[in-house]
Amino acid sequence: MTNNDIFKKLRVALQLRDDQIVSILELVDFRISKGEIGNFFRTEDHPKYVECGDQVLRNFLNALIIHLRGTKESPKNALEVIKNHKNDAPKTEERRRTNEKPKFSSEKSKNNADKPKSKTDFKKPASKGKPVQKKEPIVEKVRFNNGKKKDNK
């Protein structure tokens with residue numbers, strides 16, 4: 001198991017995002033960008049994959065201890081910190097976990113009759129018996145003079 005695998009497993013288990021990992025590493029004065037952290041989590045055959053060094057993982061583990069436990073002066077409860085990570089997660093992650101689909105106000109029933117039969121059949125069905133009201137233009141037609149007077153002869 002490589003350092004990258006350990007780093008990935010810790011990130012998933014603690015539900016950490018890249019920006020949270022950057023802030024955790026700053027607790028031990030180790031500065032690294034989000035892009036560099038993203039390179040650790042890529043697949044090995046990706047062109048921008050970077051091997052996670054021992055120093056990066058060591059600093060992350062030391063910073064993680066401070067992040068979860070706190071310092072001697074201000075101790076923290078690790079379980080509460082992890083629960084806060086769940087609360088800080090974006091809404092899309094929460095929706096993925098509960099398998100909810102986004103609800104739209106104009107959501108229609110999903111019958112096979114409503115689906116287009118081919119790629120070119122995307123026109124709305126014609127309304128039956130309802131007269132179509134023409135909309136009035138929002139902007140009126142305006143004639144501009146530009147200050148020139150024309151003699152009409």
Side-chain angles (χ1 to χ4, degrees), residues 1-128 130 132-140 142 144:
M1 184 178 267
T2 65
N3 288 347
N4 292 57
D5 294 333
I6 295 169
F7 207 0
K8 285 178 193 176
K9 289 181 184 294
L10 284 171
R11 176 181 160 212
V12 170
L14 298 173
Q15 299 175 350
L16 296 172
R17 295 188 317 265
D18 289 347
D19 57 334
Q20 291 173 328
I21 293 172
V22 169
S23 64
I24 288 171
L25 283 168
E26 286 178 357
L27 293 174
V28 290
D29 294 330
F30 189 82
R31 305 221 187 314
I32 192 167
S33 69
K34 283 173 45 175
E36 291 173 309
I37 289 175
N39 292 338
F40 296 140
F41 302 128
R42 297 183 188 278
T43 58
E44 292 181 17
D45 59 339
H46 194 278
K48 291 189 178 184
Y49 170 80
V50 175
E51 187 119 356
C52 180
D54 293 337
Q55 184 180 9
V56 176
L57 187 63
R58 183 193 59 198
N59 281 313
F60 176 71
L61 292 173
N62 288 334
L64 191 62
I65 291 170
I66 295 170
H67 176 71
L68 294 176
R69 291 187 196 165
T71 59
K72 286 184 179 180
E73 295 82 30
S74 60
K76 297 178 185 177
N77 186 356
L79 294 176
E80 290 178 8
V81 174
I82 293 171
K83 285 181 184 177
N84 287 340
H85 291 175
K86 286 184 180 179
N87 295 338
D88 292 344
K91 300 290 183 188
T92 56
E93 292 293 326
E94 185 176 308
R95 197 178 323 137
R96 252 187 245 148
R97 277 187 252 122
T98 58
N99 293 329
E100 289 180 23
K101 293 184 180 178
K103 296 178 182 174
F104 300 103
S105 60
S106 63
E107 190 171 324
K108 297 179 182 178
S109 64
K110 295 182 178 180
N111 297 336
N112 288 337
D114 292 344
K115 291 183 180 178
K117 294 174 183 137
S118 68
K119 290 184 179 180
T120 57
D121 190 21
F122 287 110
K123 294 182 180 177
K124 292 182 181 179
S127 59
K128 298 178 182 176
K130 294 182 182 178
V132 178
Q133 295 177 351
K134 292 195 175 189
K135 296 180 182 177
E136 295 182 23
I138 297 173
V139 180
E140 297 175 8
V142 179
F144 292 99

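Just so we're clear, the structure is a prediction, and the values are computed from it rather than from any experiment. Side-chain atoms are counted along with the backbone in the values below, which use heavy atoms only and exclude waters and symmetry mates.
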Donor-acceptor pairs are to be reported for all side-chain atoms of residues 44-53 against protein atoms at under 3.5 Å, with residues two or more places apart or in another chain.
from  : atom 1 : to    : atom 2 : distance (Å)
Asp45 : OD1    : Thr43 : OG1    : 2.7
His46 : ND1    : Lys48 : N      : 3.0
Tyr49 : OH     : Asn4  : ND2    : 3.4

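- Within the structure, side chain to side chain donor-acceptor pair (under 3.5 Å) pairs that include any residue of residues 59-70 comprise His67-His85 (at least two apart or interchain).
- Heavy-atom neighbours of Lys8 NZ from other residues, nucleotides or ligands within 6.0 Å: above the threshold of 12.
- Here the options are Leu25, Val56, Leu16, the test is side chain to side chain contact (heavy atoms under 4.5 Å, CB included), and the partner is Ile37; only Leu25 passes.
- Counting only residues at least two apart or in different chains, salt bridge (Lys or Arg N to Asp or Glu O under 4.0 Å) contacts with residues 19-37 comprise Arg17-Asp19.
- A distance of 7.5 Å separates CG of Leu14 from CD1 of Ile24, quoted to the nearest 0.5 Å.
- Remark: of the listed residues Leu57, Ile32, Ile21, Ile32 is the sole one forming a side chain to side chain contact (heavy atoms under 4.5 Å, CB included) with Phe40.
- Counting only heavy atoms from C-beta outward, the side chains of Lys9 and Val12 never approach each other to under 4.5 Å.
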